[in-house]
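In what follows, chains carry the letters A, B, and so on, assigned in the order in which the sequence lines appear, proteins first and then strands, with residues in each chain numbered from 1.
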Amino acid sequence: MTTTAPADVPTASAPLPGDEHRRPAIGPKLAAFTFKYGLVLVLVLMIVFFAVTQPAFRTVDNFLFILQASAVVAIVGLGATVSMTVGGFDLSVGATVSLSVMVAATTMVKFAMTGTTAILFALLAGVGVGLLNAFLIVIARIPDLVATLAAMFLVNGVTLWWVNGQSVAVGMTIDGKPAPGVFTEVFEWLGSGRFLGIPASVIVSAVVFGLVVVLLNFTRWGRALYAVGGNPVAAEAVGIRVRRYRVLAYVISGLLASIGGVLLVARLGRGDVAVGDAYLLQAISAALVGYAVLGANKPNAVGTLVGAVFVATLINGLTMFNFPYYAQSFVQGALLVVALLMSYTLGPRRRR
Amino acid sequence: MIQHHTPGGLGAAESSRTAPFVEISQLSKRFGATVALRSVSFDIRKGETLGLLGANGAGKSTLIKILSGLQPATSGTVSVQGEGREFTSPNQAQQLGIVTVHQNIDDGVVFGMTVAENLMLDTLGLFQPNPFLTYRKIRRRARALLEELELELPLDLPVEQLSASDRQQVSIGRALAKSPNLLILDEPTSTLSSREAELLFGAVRDLQYRGISVLYVSHRMSEIEELCHRAVVLRNGSVVSEHQQPLDLRAVTQSILGDLASTSLGAGRQHAPGDVVMRLRGVRSGKETAPFDLEVRRGEVLGVTGLVGAGKTELLEQLAGTRPLESGVITLNGSEYKPKSVADAIAKGVVMMPEERAVQAIFPDESVSRHLSIGRMGKVSRLGFMDRARERSFAEQVIAKFAVKAAGPDAAIETLSGGNQQKALVGRWLVEQQSLVILDEPFRGVDIGARAVIATELHEYSERAAVIVASSDPEEVLEVADRVLVMVDGRIVSDSPAFEMNSEALADAMSEVQRTTTSGAPQS
């Protein structure tokens, strides 16, 4: 006989009281099915319903329009997803979109540089915000949520200060003279160009989506990111450099937010103040809806894309039914609640 | 006064301490099918310090939880001053005079508040006719309390700026403010340095002087010997023995560890120690302990045993790169070895399976296969891309070799039993060539069958690499080891071939107590 039989530790067959897996009353099989396929099923049914009832909905152009409308949310949401894989949360993505919008617009309009330079500067700004977040979280050890909240205000403030709170548009007056630069061809193409009939923003978001899917699902770095989020202590114990991966996650998050900003400024054709701020909540909500897609129950690229497209489809279809634009927020909230119910209420209980 | 029976052989204690304050009778606690306590009976007398001893999982913490009102017992009674009582909340226990200072010192204090505020915490929640409370008032009351207790603490300092032992004094002060008749100290020295522990011993003697009963829970024999009038040993949820001062430490240790087989199980195994793989020179297990040398060879499983807190984990973590080297030089296969990180150690072929599986090795919701790849992703990926086929075949290899019962490589690891999880997690390191494999408490929560599989594989593997197995259970060590080290208070006190040892001899070595203090048994 040995003394290590852990009498204090209940065995798997004998859970502690109060730790029972409480399943909802609808039956475990149905719950499991809903958990896995519920959201996708709702999306498909919704598309079928709109397609049958609204002839304008079932056109290729409308389909591409929906994808175009969800492109920026999807890209920014994919960045937020990467920050979530390490167990973090990036509240500064909206501010980063705004920043890169302004950086790109100013580079071209005020400084009359090329579109390529503008893109480069915008992306560098995004990486910069990512590094700032990484510094606050990894080096200064401030919790993710509050660190990125502070970064959000800082970035917003710097952006506004820099442009004196003014929007940047072609032909605007600076010090009594008209601004020298214009939006170049690259930006015109990104804003309204097509390749093989597909809008440029859709192509860009497809490429970004593909890269994130590959990173998270098919590379060792993706494995390490999820490991850091799953159990940082265990990750450290198998030799994963936890701090480096958290830096990487926030840099990717900032970079993708700035790609979203470049697409946004190209579509708008001008640098509107604080235009990116709304993308924070939409991107985060797309990522959270994504938890419920195919029973992933964790941040994942496919889910985030579905989450972004879901909202755009819903709003597009409802608009055809003359649904008022001011109720869009309610629709988004309802979708988020349904998705969260699926992943948290119907999903397997997490042990905490 | 209520009549009570005095167990035989206890007449030595003087009359002032014979009246029981708390009598525990036939106390049992079940969690589902697991029995944590079975018919536990003993009493705690007025003014006495009673030691409560037992290995991990013996039921000590369950018992404390019941006594402090955190958990109800399944059956049995607890009488306080002769009256049977039901405890349903910590408040109720405190009203009866039972106050607990829990193991983690920082659970007892609130960071961000001053010492004065912390001392008065318990009164903040009480109803008072005057709802206004100034810091001055709090401070005045706290000062009065410290004067009464004859303690000296800086009242206005934020509690987090205090040393560990001062923070503990705050917790104890808070507890004493409730004027307890019984103070339960749950492993009070587990996070203290030896100097700080001395301060605590002084405080406990002070309690004895005031006539307060103390239930002193500890793994450390020296503390029990120094402070306690009596000691009770729990094993597998039952009281197995009671000991009087002067304590027979050998008997106490044996009683904690259980029925010891008289022969070593590893005795029959043939082994030939091979080349030295790792050589330690002047290495220490902690800052305050003496340096030592050690050689770890291929061809033998090196067992390291010692009671909890003896420094096994601290030593092994230095080898695995988890903890920086305290002092000395390590060579690995002849060249200097100074791991900068765990990744560096793994790259050099030194791998360690940590002690707490659930906390240090399990990724919630992830599959078996992913757990097997995670520490060795370079081997299952190409240019950064995961090679799923190779990953899968590796997983199948481990599952087959270690007879892991799982629905398949893609099953979530949490669907496996503890033993099967352990087989998989140990197995991932034993398929490929390493220099040194370290397993810390590999048999904790692992069934006999899985232990046998792991032991067999370790023996086979030790032909190719050095293997270290650490456990606080000498039986377990003898099950696998060819050579056994015993650690006591950070020192290696014995190093001998397993066939020369049996578990009784190991227990003797483990109970060797370093007498650092001048005072012996407590004065009565």
Peer 1: So which of B/Gly384, B/Ser381, B/Ala320 has the largest heavy-atom pair count under 4.5 angstrom toward chain A?
Peer 2: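 Maximum pair count with chain A is reached by B/Gly384.
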Peer 1: Looking at B/Asp410 and B/Arg370, is any side-chain nitrogen of the basic one under 4.0 Å from a carboxylate oxygen of the acidic one?
Peer 2: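 Salt bridge absent between B/Arg370 and B/Asp410.
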Peer 1: Which atoms of B/Arg428 are under 4.5 Å from chain A, going by heavy atoms: the side chain, the backbone, both sets, or neither?
Peer 2: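 Side chain only.
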Peer 1: Side chain, backbone, both or neither: which part of B/Glu366 has an atom under 4.5 Å from a heavy atom of chain A?
Peer 2: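 Side chain only.
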Peer 1: Salt bridge or not between B/Glu391 and A/Arg223? Use side-chain N to carboxylate O under 4.0 Å.
Peer 2: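 The answer is yes: the pair qualifies as a salt bridge.
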Peer 1: Please determine if B/Asp186 and B/Lys60 form a salt bridge, counting it only when a charged side-chain N lies under 4.0 Å from a carboxylate O.
Peer 2: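 No, no charged N to carboxylate O under 4.0 Å.
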Peer 1: In terms of the angle between their ring planes, are A/Tyr291 and A/Tyr344 parallel, tilted or perpendicular, with boundaries placed at 30° and 60°?
Peer 2: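 A/Tyr291 vs A/Tyr344 ring planes: parallel.
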Peer 1: Please evaluate residues B/Ser472 and B/Glu441 with respect to the criterion side chain to side chain donor-acceptor pair (under 3.5 Å), reporting the C-alpha separation (whole Å), side-chain torsions for both, the decisive distance (0.1 Å), and the verdict.
Peer 2: CA-CA 7 Å; B/Ser472 48; B/Glu441 300 285 354; 3.2 Å; yes
Peer 1: Using heavy-atom distances under 4.5 Å, tell me whether B/Arg388 contacts chain A through its side chain, its backbone, both, or neither.
Peer 2: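 Answer is side chain: those atoms of B/Arg388 sit under 4.5 Å from chain A.
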Peer 1: Quick check on the interface: out of B/Gly378, B/Gly321, B/Ala347, who has the most heavy-atom pairs with chain A under 4.5 Å?
Peer 2: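 Of B/Gly378, B/Gly321, B/Ala347, B/Gly378 has the most heavy-atom pairs under 4.5 Å with chain A.
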